[in-house]
Amino acid sequence: MAQVEIIPFLLTILLHSLNPATAVSATATTGQDQFVFSGFAGANLTLDGTATVTADGLLELTNGTVQLTGHAFHRAPVSFRTSPGGAVRSFSASFAFAILTTYPGLSCHGIAFAVAPSTDFSSALAAQYMGLANIDDNGNATNRFFAAEIDTMENVEFQDINNNHVGVDINGLRSVEAHTAGYYDDTNGSFHGMNLISGEVMQAWVDYDGEAARINVTIAPIAVTKPVRPLVSARYNLSNVLREPSYIGFSSATGPINSHHYILGWSFAMDGFAPAIDIAKLPKLPRLGPKPRSKVLEILVPIATAAFIVTLGTLVVVVVRRRMRYAELREDWEVDFGPHRFSYKDLFHATDGFEDKHLLGKGGFGRVYRGLLPKSKVEVAVKRVSHESRQGMKEFVAEVASIGRIRHRNLVQLLGYCRRKGELLLVYDYMSNGSLDKYLHYEVERPTLDWAQRFQIIKGVASGLLYLHEKWDKVVVHRDIKASNVLLDKEMNGRLGDFGLARLYDHGTDPQTTHMVGTMGYLAPELLRTGKASPLTDVFAFGTFLLEVTCGQRPIKEDAQGDQLLLVDWVLDHWHNGTLLETVDTRLQGNYNTDEAYLVLKLGLLCSHPSASSRPNMQNVLDYLDGHAPVPELASTQLSFNILALLQNKGLDPYIVSCPPSSMMSFGTISDLSGGR
Ligand SMILES: Nc1ncnc2c1ncn2[C@@H]1O[C@H](COP(=O)(O)OP(=O)(O)OP(=O)(O)O)[C@@H](O)[C@H]1O
Ligand SMILES: *[C@@H]1O[C@H](CO)[C@@H](O)[C@H](O)[C@H]1NC(C)=O
Ligand SMILES: *[C@@H]1O[C@H](CO)[C@@H](O)[C@H](O)[C@H]1NC(C)=O
Ligand SMILES: *[C@@H]1O[C@H](CO)[C@@H](O)[C@H](O)[C@H]1NC(C)=O
Ligand SMILES: *[C@@H]1O[C@H](CO)[C@@H](O)[C@H](O)[C@H]1NC(C)=O
Ligand SMILES: *[C@@H]1O[C@H](CO)[C@@H](O)[C@H](O)[C@H]1NC(C)=O
Ligand SMILES: *[C@@H]1O[C@H](CO)[C@@H](O)[C@H](O)[C@H]1NC(C)=O
Ligand SMILES: [Mg+2]
């Protein structure tokens with residue numbers, strides 16, 4: 001405890017030695033007859049109640065707590081008479097004060113400079129009694145005090161003139177003389193009102209003329225020198241009031257409203273005017289409530305606030321838009337497929353926001369974009385498949401994940417997927433040489449492939465399809481074999497793509513096929529009849545593909561009359577006529593291996609046999625292509641099969657059927673073939 005108290009004490013001493021500003025200059029002319037406190041640090045005062053001297057040397061009479069009193073009196077009493085029983089001598093006091101309020105315009109009760117017989121105010125009341133008297137002794141001549149009140153409340157019982165006045169009180173709070181706070185201008189005598197609770201520092205002078213028995217009280221703003229004309233001047237012979245000796249000091253009280261009453265400096269003198277208080281050395285007032293804002297801040301703060309709000313708003317919009325832009329669908333069951341999951345953000349950035357210049361092509365399921373994955377720098381093809389229903393999604397994603405494990409040099413690797421609302425994104429290895437159909441049917445864009453390349457591609461696709469059908473742990477039916485789904489890698493190897501969109505079924509289980517996927521001209525007759533895809537329907541499509549590559553013609557071509565004709569039927573006619581090699585692509589200009597071309601054409605016809613049981617499986621196909629086994633002779637009874645007529649019989653949209661063969665006739669799913677329209 002001792003240490004705790006010693007520290008501020010030492011601090012005070014240190015402050016004093018360093019800063020003479022707060023030093024007390026109690027220069028005694030005759031004993032303690034005269035002093036000046038420009039700040040109260042080290043002043044010898046008797047304090048009670050809420051009165052304290054702050055570390056800054058500010059005398060705080062009330063601290064903001066309601067209904068309390070505070071007194072600060074000069075510890076040494078003052079002799080007002082030269083001889084016992086004599087008249088009270090002239091004296092003069094001045095003090096700097098300030099009243100700070102918590103509520104603007106409301107304060108109570110005020111400060112009084114008092115000359116009193118003792119420093120015991122224990123019977124005095126707070127509020128309107130200002131810590132000087134109580135309800136019983138107010139005004140009683142036995143009180144023997146004189147006070148100059150700075151009153152901020154109007155109390156009718158004391159006949160106060162208003163709530164902002166200065167008065168001379170003798171023995172009680174009913175003023176002998178009072179005046180509204182203010183001062184008279186020295187130059188022209190005009191009155192300047194002052195607001196006692198403005199929070200400004202003000203100065204007061206209390207002068208008693210012993211000879212004339214006159215009390216003058218004057219107040220003025222701290223910057224104004226003492227006005228010549230006093231605010232209140234009362235004739236009152238204090239010889240009949242004051243005891244010998246008496247104490248001088250301040251009394252203050254709060255009422256129901258908390259207020260802070262401060263004395264910043266004080267000077268006193270007997271028989272003359274109080275010495276001037278050094279205003280420059282007065283302690284600083286504390287700041288109550290919010291800091292008064294500077295003009296600059298008053299302008300800057302709203303601007304800064306507005307800017308902040310706008311920035312925040314923009315940020316929120318940006319974040320929300322970002323979230324919307326990159327929003328994905330993720331469900332619990334997908335956790336297992338985590339490694340195959342791509343973030344939409346990555347795919348978005350990989351394709352520069354799916355910009356048109358990255359568009360590789362458009363198919364039956366959606367658009368395909370070329371992209372560069374931001375982290376791994378892997379080139380990918382991103383296929384956006386619009387997908388409305390959640391149904392079947394789980395199965396599909398499971399398939400994607402399982403298909404993602406399929407790796408074969410003649411298959412386009414499926415790297416993973418991403419789901420968004422109404423959309424599925426599939427990420428594939430990028431095939432730099434594009435799809436085969438571009439070389440076969442858009443010769444303007446690409447150089448024609450020579451026979452060796454074509455044969456190489458055919459063999460590649462065959463081995464890729466064999467892998468799907470037989471070499472992998474599940475039977476994967478591709479369902480959409482065609483030239484545009486054969487992609488060419490850097491070495492011009494044919495790779496089968498888009499098997500990700502086909503359905504899978506396990507070995508041995510009967511496929512429950514309810515949807516049909518495929519492209520006109522590649523569809524096996526039994527697929528159109530039953531809607532059931534199988535490895536043999538793939539073989540049929542592969543047969544058509546063989547003819548397409550060899551003949552350089554679309555699966556549905558036009559004959560000389562402009563009628564639509566299946567390529568298979570056209571080649572079959574030539575076979576019947578013994579002119580099979582006439583069907584070989586004329587762009588090859590005869591530069592091809594006739595044995596190989598003959599083999600491929602025959603194999604194409606065999607694979608496209610209308611009867612599924614007559615078609616070879618993919619292992620056979622590969623054996624024939626590799627020359628390990630001869631291609632069986634086609635039965636001369638093989639019938640031309642008018643698939644177009646079948647389609648019309650099945651009630652399919654004639655538009656699809658009559659669609660010119662040059663246009664992509666890929667269609668998504670036909671749920672019920674027999675239903676018709
Ligand atoms: N992995 C890939 N690498 C390079 N290009 C690709 C890749 N995948 C697709 N493409 C290009 O995008 C085009 C469109 O492909 P998409 O699979 O959507 O349509 P399609 O093959 O014509 O028809 P389908 O919808 O029946 O598959 C292809 O023709 C091809 O040029
Ligand atoms: C004010 O002073 C009184 C008496 O010393 C004390 O009880 C009260 O807590 C003080 N209030 C504040 C706000 O310091
Ligand atoms: C304060 O004044 C009292 C009474 O005059 C005196 O006894 C005491 O020594 C003084 N204290 C200081 C620190 O001046
Ligand atoms: C004044 O106070 C004295 C003693 O305190 C008491 O005897 C006297 O009656 C009081 N006078 C009035 C007018 O109340
Ligand atoms: C007196 O002088 C003050 C400035 O010192 C001026 O504001 C005021 O108007 C004057 N009053 C009269 C009555 O001239
Ligand atoms: C008090 O004021 C009057 C003018 O109202 C003045 O004549 C007198 O000298 C003043 N007395 C003192 C002590 O200042
Ligand atoms: C004041 O009262 C005292 C004592 O009663 C007296 O001696 C003195 O003359 C009076 N002074 C005036 C100016 O009336
Ligand atoms: Mg495709």
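As the structure lists them, so they are numbered: ligands from 1, and atoms in each ligand from 1. Only heavy atoms go into these numbers, but all of them, side chains included; no hydrogens, no water, no symmetry mates.
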Do any N or O atoms from the side chain of [X] and from the backbone of [Y] form a donor-acceptor pair under 3.5 angstrom?
{"X": "His478", "Y": "Leu465", "value": "no"}
{"X": "Asn410", "Y": "Arg495", "value": "no"}
{"X": "Glu244", "Y": "Phe80", "value": "yes"}
{"X": "Asn140", "Y": "Asn143", "value": "no"}

Where on [X] is there a heavy atom closer than 4.0 Å to ligand 1, on the side chain, on the backbone, on both, or on neither?
{"X": "Lys362", "answer": "backbone"}
{"X": "Ser484", "answer": "both"}
{"X": "Asp480", "answer": "side chain"}

Given side chains that start at C-beta, do those of Tyr208 and Val115 come closer than 4.5 Å, heavy atoms only?
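Counting from C-beta outward, Tyr208 and Val115 never come under 4.5 Å.
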Taking the side chain as every heavy atom from C-beta outward, state whether Leu173 and His109 have any pair of such atoms under 4.5 Å apart.
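No, too far: nothing below the 4.5 Å cut-off.
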Yes or no: does Ser432 have any heavy atom under 4.0 Å from an atom of ligand 1?
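The answer is no: ligand 1 sits nowhere under 4.0 Å from a heavy atom of Ser432.
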Measuring from the heavy atoms of Lys438, does anything fall under 4.0 Å of ligand 1?
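Heavy atoms of Lys438 do come under 4.0 Å of ligand 1.
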Taking all non-hydrogen atoms of both residues, which atom of Arg384 and which atom of Arg420 are closest, and how far apart?
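That closest heavy-atom pairing would be NH2-NH1, 4.3 Å.
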Heavy-atom distance to atom 4 (C) of ligand 1: which of Arg495, Arg367, Lys383, Met431 wins?
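Going through Arg495, Arg367, Lys383, Met431 one by one, Met431 has the nearest heavy atom to atom 4 (C) of ligand 1.
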Compute whether any side-chain donor of one residue and acceptor of the other, for Glu548 and Tyr522, lie under 3.5 angstrom apart.
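Side chains of Glu548 and Tyr522: pair found under 3.5 Å.
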Under a 3.5 Å threshold, yes or no: a donor from one side chain and an acceptor from the other, between His469 and Asn617?
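Note: His469 and Asn617 side chains miss the donor-acceptor criterion.
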Measuring to the Mg ion (ligand 8), does Ser484 have an N/O/S atom at a distance below 2.8 Å?
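Short answer: no, not a single N, O or S atom is under the cut-off.
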Counting backbone and side-chain atoms alike, does Asp480 have an N/O/S atom under 2.8 Å from the Mg ion (ligand 8)?
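Of the N, O and S atoms in Asp480, none lies under 2.8 Å from the Mg ion (ligand 8), which means no.
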Taking only non-hydrogen atoms of Thr142, do any sit less than 4.0 angstrom from ligand 4?
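Checking ligand 4 against Thr142, which is what was asked, there is a heavy-atom contact under 4.0 Å.
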At a 4.0 Å threshold, what atoms of ligand 1 neighbour a non-hydrogen atom of [X]?
{"X": "Asp498", "result": "17 (O), 21 (O), 24 (P), 27 (O)"}
{"X": "Ala381", "result": "1 (N), 2 (C), 3 (N), 7 (C)"}
{"X": "Leu360", "result": "4 (C), 5 (N), 6 (C), 11 (C), 12 (O)"}
{"X": "Tyr430", "result": "3 (N), 4 (C)"}
{"X": "Gly366", "result": "18 (O)"}
{"X": "Lys482", "result": "23 (O), 24 (P), 26 (O)"}

Please write down residue, atom name and distance for the protein heavy atom closest to atom 11 (N) of ligand 4.
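Result: Asn140 ND2, 2.8 Å.
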For the Mg ion (ligand 8), which N, O or S atom of Asp498 is at the shortest distance?
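In Asp498, the heteroatom (N, O or S) nearest the Mg ion (ligand 8) is OD2.
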Are the aromatic rings of Phe158 and Tyr129 close, with centres under 6.0 Å apart?
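They qualify: ring centres under 6.0 Å apart.
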Tell me whether the centres of the aromatic rings in Phe73 and Phe250 are closer together than 6.0 Å.
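Ring-ring flag for Phe73/Phe250: false, centres at least 6.0 Å apart.
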Has ligand 1 got any nitrogen or oxygen that is less than 3.5 angstrom from a nitrogen or oxygen of Asp437?
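So ligand 1 has no N or O lying under 3.5 Å from an N or O of Asp437.
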Ignoring hydrogens, tell whether any protein atom lies closer than 4.0 Å to atom 7 (O) of ligand 4; use the non-hydrogen atoms only.
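No, no protein heavy atom sits under 4.0 Å from atom 7 (O) of ligand 4.
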Do NZ/NE/NH1/NH2 and the carboxylate oxygens of Arg615 and Glu526 come within less than 4.0 Å?
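Looking at Glu526 together with Arg615, the answer is yes, because their closest N to O distance falls below 4.0 Å.
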